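Below is one structure, written out as structure tokens; the observations come after it.
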Number of protein chains: 2
Amino acid sequence: MTADLEITRLRESGGKGFEKVFAFLRERLLAGSLRPGDRLIPERDLAAQLGVSRPILREALRALTVLGVVEIRDRVGTIVRRPDPSVLNDFFTFAFAQQSDVVDDVMQARIAIECQAVRLAAERATVSDFERLQQALARIVDTIDDPDGGSAADFDFHRAVVNAGKSETLIVLHNSLSGILMRSHRGRRELLQVFDSMKTYLIEDHRRIFDAIVGRDPEHAERVLREHFAIGDDFRRRAAIGESDARSAS
Amino acid sequence: MTADLEITRLRESGGKGFEKVFAFLRERLLAGSLRPGDRLIPERDLAAQLGVSRPILREALRALTVLGVVEIRDRVGTIVRRPDPSVLNDFFTFAFAQQSDVVDDVMQARIAIECQAVRLAAERATVSDFERLQQALARIVDTIDDPDGGSAADFDFHRAVVNAGKSETLIVLHNSLSGILMRSHRGRRELLQVFDSMKTYLIEDHRRIFDAIVGRDPEHAERVLREHFAIGDDFRRRAAIGESDARSAS
DNA sequence: CATCTTACCTTGGTCAGACCAGAATACATA
DNA sequence: TATGTATTCTGGTCTGACCAAGGTAAGATG
């Protein structure tokens with residue numbers, strides 16, 4: 001009626017549109033014909049070559065971007081990249097967004113990661129790691145009365161431990177999990193004022209962990225760390241029971 | 001000069017185009033104003049409302065789809081979903097596509113997860129879990145001479161252990177990591193024929209792990225599991241050194 | 001009046017062609 | 001040769017359109 005209808009529609013193989021393009025690129029990426037550093041051909045050309053329109057191609061590209069396998073650089077091109085761990089962060093963030101009840105569960109994973117990492121740290125940590133740990137330790141002591149700073153210092157120490165483990169995978173996972181826990185339990189540290197004994201616990205525990213790492217004793221390091229988590233958990237439990245906790249949501 | 005320039009460009013807040021839309025939706029999703037099950041308003045309306053064109057909105061939606069937070073259903077609408085762990089699989093698949101050298105590193109993470117899980121399993125496992133573990137154990141014995149089946153049985157047992165830990169997060173992570181290791185080390189089990197002593201090791205170790213769980217002894221369970229991994233690692237090392245390993249890639 | 005048909009509207013899926021702005025590069029000039 | 005400018009990419013985005021199938025409500029039927 002109105003006008004044109006010659007063209008359009010299934011040009012060739014596979015799925016339909018986006019699906020096809022995504023699968024195509026995915027395959028290329030996984031197979032290795034496209035490797036990190038490579039630059040894809042211009043969107044217009046690629047779209048034409050794949051028999052889809054540019055918007056569709058862009059959807060696929062964007063999808064890959066989210067997965068961290070490619071990077072679309074404005075006015076430069078699309079570059080293949082080694083997947084960025086931050087993707088996990090995105091995922092976990094969404095996955096555990098409202099389910100605050102799973103925080104404890106995520107914590108189990110964090111404990112798992114850290115306990116393994118601390119073992120590795122005891123074996124692999126370098127002098128530089130020792131220094132970083134020592135600094136983090138000092139920060140914990142300095143900020144013991146400051147909820148915000150203290151929390152940050154605490155996380156820094158634990159991150160330093162994991163980093164000292166020299167396992168890329170553990171580091172990535174730990175970062176993701178920490179992010180979730182941070183977001184969820186922003187004010188967890190606030191109960192610090194409640195138990196004064198907690199201060200010494202915080203300082204002493206971290207110091208013992210540090211000592212264990214320096215002492216190259218994986219077994220002991222893990223035990224101390226586990227204990228550390230257990231005690232922290234206990235404090236939290238007591239706070240939850242003994243007091244009506246004040247909470248603040250933004 | 002040429003002509004029109006009234007419209008187009010920065011309609012309101014934030015970033016530019018895609019970035020803005022993605023951020024907007026992300027915030028909505030994280031904040032909870034959009035929760036699983038909800039259906040977004042039609043693309044056209046949403047696009048107009050956000051001040052972007054439909055293709056751009058679709059890029060954002062597609063990105064969220066990859067993250068598993070929404071599902072675009074043809075001719076129905078866009079539905080908010082609870083992120084699916086399979087996303088992790090996607091990510092890891094890409095992340096470790098060609099980097100087979102990081103397998104050992106991923107293994108560290110798997111050990112971390114399992115060691116924590118086995119502790120939880122020792123505490124939380126139900127009778128049903130015991131049964132499943134027992135069955136897996138039986139399978140290991142039965143398939144001890146079958147490389148393929150044996151490998152599967154092995155994985156099943158370990159998965160059963162993690163499941164018995166009752167931690168969703170650990171289960172998800174373990175699945176992802178196992179997937180990678182499976183893909184990478186398809187024929188790892190082939191060196192079974194080399195060391196005959198390995199057979200008894202496989203059977204005995206798993207039985208001891210099982211016993212520890214049934215015995216409700218987290219400490220012991222972890223120790224045995226760790227030992228199990230260490231010995232397996234040792235076998236592998238010996239195989240690598242002592243023999244020119246035959247490898248087969250598909 | 002209840003049920004079944006059917007036409008219409010909605011909604012995602014896709015396309016084509018256009019314009020912008022800045023990066024890359026070629027080229028002309030000093 | 002060095003430098004500065006013009007041209008060409010290239011991604012980023014917009015507009016407006018068409019298609020096909022899901023939903024739905026009006027109309028036909030028993």
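As the structure is a prediction and not an experimental result, all values here were calculated from the model.
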**Length of the line joining A/E19:CD and C/dG12:C1', which is rounded to integer Å** = 13 Å
**Message:** As a quick check of understanding, evaluate side chain to side chain contact (heavy atoms under 4.5 Å, CB included) for A/L61 and A/L40, giving each step before the final call.
**Reply:** CA-CA 10 Å; A/L61 255 29; A/L40 270 57; 4.2 Å; yes
**Prompt:** So B/R35 and B/D38, salt bridge (charged side-chain N to carboxylate O under 4.0 Å, His left out) or not? Walk me through it.
**Reply:** CA-CA 6 Å; B/R35 32 183 60 263; B/D38 290 356; 5.7 Å; no
**Request:** Would you mind telling me which of D/dT13, C/dG12, D/dT10 lies closest to the side-chain atoms of A/P42?
**Result:** D/dT10
**Request:** Answer yes or no: side-chain N or O of B/R73 and base N or O of D/dG22 forming a donor-acceptor pair under 3.5 Å.
**Result:** no
**Fill in**
Here the distance between atom P of D/dG11 and atom CZ of A/R39, to the nearest Å, is 8 Å
**Request:** Look at the side chain of B/R54 and the base of C/dT14, then say whether one donor and one acceptor between them are separated by less than 3.5 Å.
**Result:** yes
**Request:** Write down the distance between NZ (A/K16) and P (C/dG12), rounded to a whole number of angstrom.
**Result:** 16 Å
**Interatomic distance, A/L57 CG vs C/dG17 P [rounded to whole Å]** = 16 Å
**Asked** Could you state the CD1-P distance from B/I72 to D/dA21, rounded to the nearest angstrom?
**Response** 19 Å
**Message:** Does C/dT14 have its OP1 or OP2 closer than 4.0 Å to a side-chain nitrogen or oxygen of B/R62?
**Reply:** yes
**Item:** A/R44 or A/D74, whichever maps to the more 5' nucleotide of DNA chain C
**Value:** A/R44
**Request:** Write down the distance between CZ (B/F22) and C1' (D/dT13), rounded to a whole number of angstrom.
**Result:** 18 Å
**Request:** Nearest 0.5 Å please: distance from the NZ atom of A/K20 over to the CZ atom of A/F24.
**Result:** 10.5 Å
**Asked** Nearest-Å distance, CZ (A/R75) to P (C/dC20)?
**Response** 15 Å
**Request:** Nearest 0.5 Å please: distance from the CZ atom of B/R132 over to the OG1 atom of B/T126.
**Result:** 6.0 Å
**Distance under 6.0 Å and angle within 45° of ring axis: B/R139 vs B/F157** = no
**Prompt:** Between C/dT14, D/dT13, D/dT10, which nucleotide gets closest to the side-chain atoms of A/I56?
**Reply:** C/dT14
**Complete:** On DNA chain C, more 5' by nearest nucleotide between A/V76 and B/P55 is B/P55
**Prompt:** Whole-Å distance between D/dT10 C1' and A/I79 CD1?
**Reply:** 11 Å
**Prompt:** In terms of side-chain heavy atoms of A/V52, which of C/dC15, D/dG11, D/dT13 is nearest?
**Reply:** C/dC15
